[in-house]
Amino acid sequence: MSLEVVILAAGKGKRMNSQLPKVLHKVANKPMLFHVIETAFQLSPSAIHIVVGHKSELIEEALKDLPSDISRIVQVSHQKELLGTGDAVASALPKINEESDVLVLYGDNPLTPFDDIQRLTALLEDNPLCVLSAYARDPFGYGRIVRNEDGFLKEIVEEKDASEEIRKIKEINSGIMVTTAKVLKKYLPMIKNDNNQGEYYLTDLAGILVKENKIVDVLQSSNFDLLTGVNSKPQLAFAERTYQSIQANKLLAQGVTLADPNRFDLRGSLKCGQDVFIDINCIFEGNVTLGNNVQIGAGCVIKNCTIDDDSIISPYTIMEDSTICKKNTIGPFARLRPGNVLNDEVHVGNFVEVKKSTLGVGTKSGHLSYLGDAVIGKNVNIGAGKITCNYDGANKFKTVIGDDVFVGSDSQLVAPVEIKNGVTIAAGTTVTKHTQMDENSLILTRAQSVKIDTYVRPTKQK
């Protein structure tokens with residue numbers, strides 16, 4: 001039996017107070033809907049159906065950013081009127097194979113636990129419908145699970161329709177359920193909207209089956225926090241911190257040292273070797289790999305980078321799309337823009353910016369320099385204030401620096417230019433492609449100094 005997943009993503013999300021559809025608000029810099037889709041994809045379904053309604057065009061545009069292996073099984077269905085969850089599932093039903101099992105998830109629940117939905121789908125072998133519940137210390141606002149004397153589901157009662165006695169129940173309905181396409185096609189038309197909301201509740205499906213003497217099973221999740229949907233900005237913030245806490249605990253279990261797990265943000269994937277230390281308020285985006293004995297200082301932002309063994313990234317360094325080899329020291333306050341390869345034992349110091357450049361073994365740029373579109377050899381020393389002038393206002397040009405070059409402070413290398421091995425460039429020198437040089441030569445430019453003994457400094461007129 002194949003599995004198809006229906007993800008409900010049609011709601012307005014009024015309490016978000018935003019022009020953006022609720023499911024496109026981000027957790028860990030990824031739309032909530034994408035989290036749910038990726039979790040569903042782990043079940044290897046034959047299709048994932050996204051039911052859209054409010055501002056559907058924005059959601060459909062966002063779905064274009066899904067990875068190709070996921071997007072090929074994603075289908076979109078439109079809920080013409082927002083008449084409740086039962087009506088939303090009915091909107092996708094014509095596209096679902098009649099022989100499929102159907103799992104219903106929610107686009108505003110980014111923390112949907114994979115283990116729970118995997119166990120839930122397994123229960124369908126014995127029963128026509130299985131729902132996922134959780135124990136809530138404060139169940140206000142949630143539908144209540146009412147069980148029969150055998151422990152199976154008797155009915156699900158929404159908060160607004162519940163009596164005082166039922167509201168005392170602390171087992172709540174997550175909304176997640178698994179059933180079959182045959183059950184949906186037979187029983188969805190029986191759902192009525194005679195409730196306080198005037199909507200067609202998908203949860204009423206359980207009561208209908210019970211009245212026909214069908215057994216509806218309930219799987220209780222061990223973690224209510226993972227099943228709380230997001231309907232407001234405070235709930236979005238709660239989901240963010242819950243997600244980050246999960247990621248931090250995984251890293252701690254792997255042996256990574258986090259100075260403070262509550263001040264850590266992962267917005268992608270992070271692979272770490274042994275004895276890695278990460279200080280407070282660091283952000284990791286995209287795909288990041290840290291080797292053994294890597295130290296990341298406070299406040300760093302690292303995106304799509306590989307940092308090899310024994311490297312030290314000092315505080316407030318920003319880097320993206322770069323490869324850092326062994327025993328590098330970077331920062332503090334350094335910026336590595338995309339396209340860099342820093343070989344072993346390179347030092348890039350404070351307020352140095354590097355873009356699309358390769359730095360050879362042992363090369364050092366201590367402070368206050370810009371290195372762009374450059375290929376720099378080994379054991380090069382770059383003084384403060386050095387600039388590769390790589391842009392003429394329309395085009396970018398390359399600077400090539402040989403091995404064992406010394407570049408003095410406040411010098412400009414006007415690309416395209418090549419500096420030969422062993423050259424020394426004196427402080428304050430401008431080098432162009434027309435500059436004559438041999439290996440191991442000294443390049444020096446100086447303007448003639450002028451002394452004016454009769455000079456009078458201007459003063460402000462009263």
Report task. Apply the test side-chain contact (heavy atoms from CB on, under 4.5 Å) to residues Lys303 and Val301: give CA-CA distance (whole Å), side-chain angles for both, the deciding distance (0.1 Å), then the verdict. Result -> CA-CA 7 Å; Lys303 179 179 181 180; Val301 181; 5.7 Å; no

In the structure I gave you, are the side-chain heavy atoms of [X] and [Y] within less than 4.5 Å of one another anywhere?
X	Y	value
Leu123	Leu219	yes
Thr358	Asn340	no
Val104	Leu202	yes
Ile169	Val146	yes
Leu103	Val6	no
Thr179	Leu184	yes
Asp69	Phe41	yes
Leu153	Leu129	no

Got a donor-acceptor contact below 3.5 angstrom from the [X] side chain to the [Y] backbone?
X	Y	answer
Asp150	Phe152	no
Ser100	Glu98	no
Tyr106	Gly175	yes
Asp225	Thr242	no
Gln235	Asn231	yes
Ser357	Lys355	yes
Ser18	Leu20	yes
Gln295	Ile313	no
Lys364	Gly362	yes
Asn148	Gly151	yes

Requested in this report: Check step by step if side-chain contact (heavy atoms from CB on, under 4.5 Å) holds for Leu290 and Ile278.
Outcome: CA-CA 10 Å; Leu290 306 181; Ile278 299 173; 4.3 Å; yes

For the [atom1] atom on [X], are there more than 12 heavy atoms of other groups (residues, nucleotides or ligands in this structure) within a distance under 6.0 Å?
X	atom1	result
Lys271	NZ	no
Gln274	CD	no
Tyr316	OH	no
Lys12	NZ	no

Please find the pair of heavy atoms, one from [X] and one from [Y], that lie closest to each other, and give the distance.
X	Y	result
Ile324	Ser311	CG2-OG, 4.2 Å
Ser365	Val352	O-CG2, 3.5 Å
Met319	Thr317	CE-CG2, 3.9 Å
Arg144	Gly141	NH1-N, 4.4 Å
Pro261	Ala248	O-CB, 3.9 Å
Val157	Ala162	CG1-CA, 3.5 Å

Ion pair present between [X] and [Y], side-chain N to carboxylate O less than 4.0 angstrom?
X	Y	result
Lys192	Asp204	no
Asp310	Lys326	no
Glu353	Arg337	yes
Glu345	Lys327	no
Glu171	Arg147	yes
Glu4	Lys95	no
Glu149	Lys154	no

Requested in this report: Take Asp116 and Ser221 through the test side chain to side chain donor-acceptor pair (under 3.5 Å) and record every step on the way to the result.
Outcome: CA-CA 6 Å; Asp116 284 346; Ser221 173; 2.5 Å; yes

Report task. On the 0 to 90° scale, with breaks at 30° and 60°, tag the His35-Tyr243 ring pair as parallel, tilted or perpendicular. Result ->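 Perpendicular, since the angle between the ring planes exceeds 60°.
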
Requested in this report: Show the numbers, then the answer: is there a side chain to side chain donor-acceptor pair (under 3.5 Å) between His347 and Thr329?
Outcome: CA-CA 5 Å; His347 172 63; Thr329 54; 2.8 Å; yes

Query raised in the report: Does the pair Gln42 and Glu38 meet the rule for a side chain to side chain donor-acceptor pair (under 3.5 Å), with working shown?
Result: CA-CA 7 Å; Gln42 295 180 58; Glu38 290 175 5; over 6 Å; no

Query raised in the report: When rounded to the nearest 0.5 angstrom, what is the spacing between OG1 in Thr121 and CG in Asp101?
Result: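 These two atoms lie 8.0 Å from each other.
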
Query raised in the report: Which residues pass the side-chain contact (heavy atoms from CB on, under 4.5 Å) test with Leu83, sequence neighbours left out?
Result: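 For Leu83, the residues satisfying side-chain contact (heavy atoms from CB on, under 4.5 Å) (neighbours in sequence not counted) are Glu81, Asp87, Tyr200.
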
**Report entry** Tyr142: side-chain contact (heavy atoms from CB on, under 4.5 Å) partners, not counting sequence neighbours
**Finding:**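 With sequence neighbours excluded, Tyr142 shows a side-chain contact (heavy atoms from CB on, under 4.5 Å) to Ile172, Phe224, Thr228, given in chain and number order.
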
Query raised in the report: Step by step, would you call Arg335 with Val354 a side-chain contact (heavy atoms from CB on, under 4.5 Å)?
Result: CA-CA 6 Å; Arg335 185 184 180 195; Val354 188; over 6 Å; no

Requested in this report: Using the side chain to side chain donor-acceptor pair (under 3.5 Å) rule, take Gln19 and Lys55 through it: C-alpha gap first, then chi angles, then the decisive distance, then the call.
Outcome: CA-CA 9 Å; Gln19 295 295 315; Lys55 293 195 173 181; 3.1 Å; yes

Requested in this report: Apply side-chain contact (heavy atoms from CB on, under 4.5 Å) to the pair Val216 and Leu205, showing each step before the final yes or no.
Outcome: CA-CA 10 Å; Val216 177; Leu205 185 64; over 6 Å; no

Requested in this report: Assess whether salt bridge (charged side-chain N to carboxylate O under 4.0 Å, His left out) is satisfied between Glu99 and Lys182, documenting all intermediate values.
Outcome: CA-CA 7 Å; Glu99 300 301 319; Lys182 289 180 178 179; 3.5 Å; yes

